[in-house]
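These notes are about the structure you will find just below.
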Amino acid sequence: KAGVTQTPRYLIKTRGQQVTLSCSPISGHRSVSWYQQTPGQGLQFLFEYFSETQRNKGNFPGRFSGRQFSNSRSEMNVSTLELGDSALYLCASSLTGPSYGYTFGSGTRLTVV
Amino acid sequence: QKEVEQDPGPLSVPEGAIVSLNCTYSNSAFQYFMWYRQYSRKGPELLMYTYSSGNKEDGRFTAQVDKSSKYISLFIRDSQPSDSATYLCASGPGSARQLTFGSGTQLTVLP
């Protein structure tokens, strides 16, 4: 079966711009989580959506937002980009939640210049 | 202090060696424990899952959890060059809460 698909794979944006990243979960998975991965901080939790509702949120500023659609596809948006937002953004899906583990996508590599 | 601390490595071993990867955690509410493997330019993939304390074996991989000491381990027997990757431990408190990841240990298995 198809895995978790993230688009685009690579993105270069200018400081101050905004960006939208997309994630299509595994068919049937209703929980979608987003993580930011950087060499210094590792994997940091952004938020989780379940059945179109944000269920959990990490400690990121309000510039980071997300949403989930009725088909479980999810998007995350970062407004007013800063250089420090350069990272690999990973989407992960699971049937009902993270307790049995996630299936991750390959990520979107965002570079802010 | 991070909730999950992991030996940063990097770790380099000869092919065939037994590899031990370790993490500690501080949150007593953590109930389930996982190991993920991440190859370069890929997302992490779930390798092992354990609930509460105990051992779990899957082929060459054994995961151990000691809740009394809050210690998580992954052992790889007969390591292969294809095992070269970054290994991430992860833990979480309950069914609807997010996983907290360690910072990862980069492993290189030399042929």
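Sequence lines set the chain letters: A, B, ... in the order given, protein chains first and strands last, and positions in each chain run from 1.
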Side chain, backbone, both or neither: which part of A:Gln37 has a heavy atom under 4.5 Å from chain B?
-> side chain

Under 4.5 Å from a heavy atom of chain B, the part of A:Tyr89 involved = neither

Verify the distance criterion only: is there a donor paired with an acceptor across the side chains of A:Thr96 and A:Arg30 at less than 3.5 Å?
-> no

If we only count heavy atoms from C-beta on, is the B:Cys89 to B:Met34 side-chain gap below 4.5 Å?
-> no

So, the part of B:Tyr36 with a heavy atom under 4.5 Å from chain A: the answer is side chain

Give the member of B:Leu46, B:Leu88, B:Leu99 that has the highest number of heavy-atom pairs under 4.5 Å with chain A.
-> B:Leu99

Bottom line for A:Arg109: the part with an atom under 4.5 Å from chain B's heavy atoms is neither

Go through the atoms of A:Tyr35 and report whether side chain, backbone, both or neither lie under 4.5 Å from a heavy atom of chain B.
-> side chain

Okay, side chain of A:Lys13, backbone of A:Gly16: is any donor-acceptor separation there less than 3.5 Å?
-> no

Side-chain heavy atoms of B:Ile76 within contact of B:Leu107, under 4.5 Å | yes

Could you tell me whether a side-chain N or O of B:Gln31 sits under 3.5 Å from a main-chain N or O of B:Pro93, the two making a donor and an acceptor?
-> yes

